[in-house]
Q: 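Could you have a look at this structure, given as structure tokens, before my questions?
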Amino acid sequence: MNMLKHYLNAVKNTCTEIADRDSFLYALKRIKAGKRDGVYHLARIYEDGNTIVHKDLACAYALYYVAAEKGLKEAQEHLTQLKLLLMADEWQRAKATIHNLQAK
């Protein structure tokens with residue numbers, strides 16, 4: 001195994017905080033730049049959870065909703081799947097979050 005591949009694998013397997021931080025910052029940077037996929041990337045982070053944010057399906061649903069409104073088909077697919085997983089209280093929280101996001 002070459003040395004570069006060895007280091008990349010070692011970092012990938014043990015430094016999740018750095019990877020999580022970078023993906024979170026990437027999503028925020030895309031949102032700030034007005035790119036429509038930024039909200040989608042942030043939704044994916046909330047759907048899975050990581051060392052920066054806890055898994056939050058209601059928040060993920062709301063963010064996917066906003067991304068779907070911006071025309072991202074991938075977001076619509078996630079909405080369909082997540083709606084089946086949300087409990088009643090999560091659904092209410094998702095709707096409130098959508099309302100807050102749209103009020104901007």
Q: When you compare the side chain of Tyr65 with that of Gln102, does any pair of heavy atoms fall below 4.5 Å?
A: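 Side-chain contact under 4.5 Å: yes.
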
Q: In Å, rounded to the nearest 0.5 Å, how long is the span from CG of Asn50 to CZ of Arg21?
A: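 Result: 12.0 Å between the selected atoms.
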
Q: Specify the closest pair of heavy atoms between Ala94 and Leu86, including all atoms of both residues, with the distance to one decimal.
A: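 Where Ala94 meets Leu86 most closely, the heavy atoms are CB-CD1, 4.4 Å.
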
Q: Is there a path from Tyr46 to Trp91 through hydrophobic residues (I, L, V, M, F, W, Y) whose side chains come within less than 4.5 Å of each other?
A: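 No, no single cluster joins them.
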
Q: Does Lys70 offer a backbone N or O that forms a donor-acceptor pair with the side chain of Arg36 under 3.5 Å?
A: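 Side chain of Arg36 to backbone of Lys70, a donor-acceptor pair under 3.5 Å: yes, one is there.
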
Q: Please report the shortest heavy-atom distance between Ala60 and Leu82, naming the atom on each side.
A: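 It is CB-CD1, 4.0 Å.
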
Q: Is there side-chain contact between Leu57 and Glu47, with at least one heavy-atom pair below 4.5 Å?
A: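 A side-chain contact under 4.5 Å exists here.
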
Q: What are the two closest non-hydrogen atoms of Ile31 and Gly38, and how far apart are they?
A: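 Between these two residues, the closest heavy atoms are CG1-C, 3.5 Å.
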
Q: Mind running side chain to side chain contact (heavy atoms under 4.5 Å, CB included) on Tyr40 and His78 for me, showing each step along the way?
A: CA-CA 10 Å; Tyr40 174 79; His78 283 273; 3.3 Å; yes

Q: Heavy-atom distance under 4.5 Å between the side chains of Glu90 and Tyr61, does that happen here?
A: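 No, their side chains stay 4.5 Å or more apart.
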
Q: Return the minimal non-hydrogen interatomic distance between Ala68 and Leu79, and the atom names on each side.
A: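 Residues Ala68 and Leu79, closest heavy atoms: CB-CD1, 3.8 Å.
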
Q: So Phe24 and Leu42, do their side chains get closer than 4.5 Å, heavy atoms only?
A: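 Heavy-atom side-chain distance check passes, below 4.5 Å.
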
Q: Does any non-hydrogen side-chain atom of Asp20 lie less than 4.5 Å from one of Ile45?
A: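 Answer no - side chains too far apart.
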
Q: Between Tyr26 and His41, what is the ring plane arrangement, given parallel below 30°, perpendicular above 60°, and tilted in between?
A: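 If you compare the ring of Tyr26 with that of His41, the planes turn out perpendicular.
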
Q: Would you compute the distance between atom NZ of Lys73 and atom CD of Glu77 and round it to the nearest 0.5 angstrom?
A: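 Separation between the atoms: 9.0 Å.
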
Q: Which value, rounded to the nearest 0.5 Å, describes the distance between Glu69 atom CD and Leu101 atom CG?
A: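 If we round to the nearest 0.5 Å, Glu69:CD and Leu101:CG are 9.5 Å apart.
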
Q: For the residue pair Ala67 and Val39, what are the closest heavy atoms and their distance?
A: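 What the structure gives for the nearest pair is N-CG1, 4.1 Å.
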
Q: How many angstroms lie between CD1 in Ile52 and CG in Leu25, if you round to the nearest 0.5 Å?
A: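 One gets 6.5 Å once the value is rounded to the nearest 0.5 Å.
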
